[in-house]
Every structure is written in C-alpha cells, then in structure tokens.
Amino acid sequence: MTKVLSVASECAPLVKTGGLADVAGALPAAMAAQGVDMRTLLPGYPSVMARLGDGAPVVTFEDLFGGAAQLIEASVDGLDLLVLDAPHLFNRPGGPYITDEGRDHADNDARFAALCFAAAHIAVKGTGSDRGAWRPDLVHGHDWQAGLTPEYLHAMGSTVPFVLTIHNIAFHGNTSGDRLGALGLDRHRFHADHFEFWGQISALKGGLTGAAKINTVSQTYAEELMTPHFGMGMDGVLHARKSDLSGIVNGIDTDVWNPATDPQVTQYTTPKGKAKAKAALRAEFGLPEANGPLCVLVSRLTEQKGIDLLLEALPALVGRGGQLALLGSGDTALEVALLERAAQDENVAVKIGYDEALSHRMMAGGDAILVPSRFEPCGLTQLYGLRYGAVPVVALTGGLADTVINANPAALARGVATGVQFHPITSEALSNALTRTCDLFKDTSTWAKLQRNGMKQPVGWETSAKAYAALYAAALKG
Ligand code: ADP
C-alpha cells in the first residue's frame, strides 16, 4: 500500500476558505479506494485543535521557528490527521491566512514554512506512536503553503518524492530574501533554479521547481497556466516543467452532495422534484413567482469570480423574467454593490455570508448555477449544480471548460449538452449567455434534457482518484 502524506493549509470539514479544503478533505477516502494510505498534515488552528479529542502527540519540536511545537495524531470525521500544534504560529484569532482586520498574518512565511518543515520531518523520520510508526513514501502538497517542503527534504538529505497540486496560482507565498536565515533555508539554493523569484523567496516556486510531478485541478487550467495571462508570473517556470505538468479535475463528495438523500432539500432524483425546492428557495430569499429561470450563485466575492460582470449583465436576465439568488462574502465594494442592486430590483436577492446548508438548498432550488469567473482552476459549484439539476452557465475557462458541455447547436442535436458557456469573458458575452439561458429555459423539453444530462455526469472522485494514483506511481518511479 502506498503511503502518502497530504500537506494542506485547510481541510473540510475542519477549516475551509475555498475549494482546496474540499479536495484535501475528500482525497483521503477517494485514495483509500485506490489502495493509498493517506494521512493529512494540517496546521493546528484553534478550530482544528478543538476537534482533536483524544489525539496523541507523536513528535515534538523543541524550537520550531520561535517556539515549542508538537505533532498530534488524531482521527477526526474519518480523516487520519497529523496536526502541527505550534501555538506561537497558529493559536490566534482570524482566518487561516488573514487577521480579523483582513490583513495577512505578518508571519505567514514562518507559519507555513513550519508546516513544510514538519512534513519533511515526517517523511524522513516518520511518526512513532502506539499505532506504530508511519512514514510516507511520498509527500503530496497543496498550493504555496506546502511549497517549501522539497527544500527541507533536500536539506535533510531525503529523496522522498514530492507532488505539488496547484489549486490557485494567484498566491505565491513570497517573502523577503532577508528571511533566508529565519526560515532555515539553504543560501546556496537561493537562485532562479530553486525558490528565488525576482530577489524574493517564493514558496510556490520552491514547490514548482522541487516537485517530481506537478498537477493542477483541470486540464484546461494546466494549459492556461503556461501562458502569461493566466500564469501570474509562473508561466515560464511551468513551461520549463511542462513534461511533468498535468491536469486532474476535482471530484465532489457525492454522498454529501446527493439530491436523493440531502437533509437540506426536498429529496429528488429527477428534475421534476425541483419545483418544490424552488418554491422554498424563492420564499427563503423573498423572491416573487416568475416565469424565467431562477439563477443561483454561491461564491467568494472577488474580482476573480466575475461578480462585476454579472452586475452589468443582470438586465439580460431580469428583462426576460429571470431571477438571481446570490450567496457570498468577500470584497466590501462587491458586497455593497450587490446589496444595492438587490434593494432596487425585486427579482434580485442577495445574502452576504457563508452558509454551507443554504448552499445546498440553492443548488436544489436553482434552475441554473452561474459561474462567470475570469479564471477558474476547477470550480466546484458547477459540479454541485450538475448533480442537482441546476444547469451551469459558466465562463469558458479552466475547469469550467472541462466539466460543462456547451449547449451549442451541435451538442443539442447530439443530445449531450449539460450547460451554457460563454467567451470572451466579458459582460456582453455573459449577457448573451443569460439570454440564451432564458430561451433554453422556455423550451421545457430541451431544458429537462440539459438537467438530465447534467445529473448523469460522473462528478465523483473515482476517475480523478485513479489519475492521482497514476501520478503518485509516476513520481515514485522518478
Ligand atoms: P474557490 O476555491 O476559488 O473559492 P471553488 O468553486 O473551487 O472556488 O470552491 C468554493 C467552495 O466554497 C465551494 O464548495 C462553494 O460551495 C463554497 N462556498 C463559497 N462561498 C460560499 C458561501 N458564501 N457559502 C457557502 N459556501 C460557499
């Protein structure tokens, strides 16, 4: 059985800010089905520490970047965890990356360098415990927060391979070159072949250059990442690693996201059951009856997610009897603009906040799920939408390109379409897509076919878990 240490800065259901948490939370069970024994290394944020129950310390560090720390082994919600309990780094208010005031924690470089150091330590020394020693054959890191792992592995003389998954290239984990000593990094490797990036230490680049294999969360995003527009400065580095770069689309937890058993919704397995859920959702959002499609959107509210494009394109939807129910939180300017818009238009309803249960009810009650992202490594809400008969209306980019089959005339004629895609990613193209969506919605048999096709798509983890198993095998081969 291949043993893999997954290194993640968030992991559902313990701590989540985005899709990375869902993947880190789902991967262990998905990989177990492929014969992989996966444990997950997580920072000991307060929300994680609170769940450890009878977890036991298995490794101690006298001084890990400025304080004592230990690794606690625990089983929580079916996840085998190794939690880095380092109070000086993680026991504080705020989110995983930012303070309550919305600023980055000033010592994020040390916080996640510590996570990487702990990962390398486990890979080299293993964990001795009552359950027996465990040492991974391979380390699988997620995003920049795990990026310095290969540097510490190298420093410890280890040849344990490292696989890096890019969930979002926008964040590099850069810090000043002056921090080399503080982070215990090798000065001789502070150059462009390793973790130096324009004079700074870049945790992401350390991962990209040190990984045996790199993947991102869709094939299209893997290609996009090698272009200046999407690569965010790392396109050259990725191009150089082209032969080791691949795309593996995320799955979703089809037990949690199952319209036949979901406790949050009127249960259904065919699109017919949606009517009840839709009425309930309209009532919950204070929306009136309408003839057009009830579109839903669940998202972080940031520039990436194209919310501004949607605000401009809304007339195309509400002008044809359509409606919007939106749940999200993020940039204040977007929150304010959305609330103002909702106040002006009875067919637009907005809830600001983070509400997992409501997001289920929205997939169940929505006719369409909107994802107008400017870039989207994979995207999860369109997958939830497919499973719940909420037809995805998405930008043609990244994972949105790979998981939705556009209702163009050819796909409609062949009966394979599952959604609506638009390109270029502008408010005009989105307006056209919303117009098309309203037209398709009126054609009830075509719409029902779109829903049925979507509900049959294999959106679980099985195919992707096989691809990860193959990736691990390739990395282990060297
Ligand atoms: P990203 O990781 O860029 O935020 P993804 O689509 O990959 O985007 O994943 C976002 C995840 O977070 C999904 O599971 C989505 O349902 C969830 N989510 C985002 N915002 C909210 C919210 N306001 N309430 C509930 N769930 C949310």
Side-chain contact, heavy-atom cut-off 4.5 Å: [X] with [Y]?
| X | Y | value |
| --- | --- | --- |
| Phe171 | Met232 | no |
| Val371 | Pro392 | no |
| Leu42 | Leu84 | no |

With distance as the sole criterion, is a donor-acceptor pair present between the side chains of [X] and [Y] under 3.5 Å?
| X | Y | result |
| --- | --- | --- |
| Asn406 | Gln421 | no |
| Ser329 | Glu335 | no |
| Asn215 | Thr165 | yes |
| Gln382 | Thr403 | yes |
| Thr227 | Asp235 | no |
| Asn258 | Thr261 | yes |
| Arg374 | Gln304 | no |

Passing option when Leu14 is tested against Leu52, Val83, Leu81, Thr40 for side chain to side chain contact (heavy atoms under 4.5 Å, CB included) |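 Result for side chain to side chain contact (heavy atoms under 4.5 Å, CB included) with Leu14: Leu81.
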May I ask you to decide if the ring planes of Tyr468 and Trp461 are parallel, tilted or perpendicular, using 30° and 60° as cut-offs?
->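 The rings of Tyr468 and Trp461 sit tilted, inter-plane angle from 30° to 60°.
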Supply the atom-to-atom distance Leu326 CG to Ile307 CD1, rounded to the nearest 0.5 angstrom.
->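 Separation between the atoms: 5.5 Å.
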Do the charged groups of [X] and [Y] touch, with an N to O distance under 4.0 Å?
| X | Y | value |
| --- | --- | --- |
| Asp37 | Lys3 | no |
| Asp367 | Lys274 | no |
| Asp244 | Arg241 | yes |
| Asp331 | Arg300 | no |

Please test Tyr384 against His360 for ring-ring contact (aromatic ring centres under 6.0 Å, His included), starting from the C-alpha separation and ending with a verdict.
-> CA-CA 8 Å; Tyr384 305 150; His360 281 244; 7.2 Å; no
Under 3.5 Å, is there a donor-acceptor pair between the side chain of Ser75 and the main chain of Gly78?
->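 Pair absent, no side-chain N/O of Ser75 close to backbone of Gly78.
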Determine, using ring centers only, whether Phe90 and Tyr45 are less than 6.0 Å apart.
->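 Close enough - the centres of the two rings lie under 6.0 Å apart.
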Are the aromatic rings of Tyr97 and His105 close, with centres under 6.0 Å apart?
->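 No: the rings miss the under 6.0 Å criterion.
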Mark yes when over 12 heavy atoms from residues, nucleotides or ligands other than Lys16 sit less than 6.0 Å from its NZ; otherwise mark no.
->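 Yes, enclosed.
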Using the ring of Phe285 (Phe, Tyr or Trp, six-membered ring only), decide whether Lys351 places NZ or CZ under 6.0 Å from its centre and within 45 degrees of its axis.
->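 Here Lys351 passes the 6.0 Å and 45° test against Phe285.
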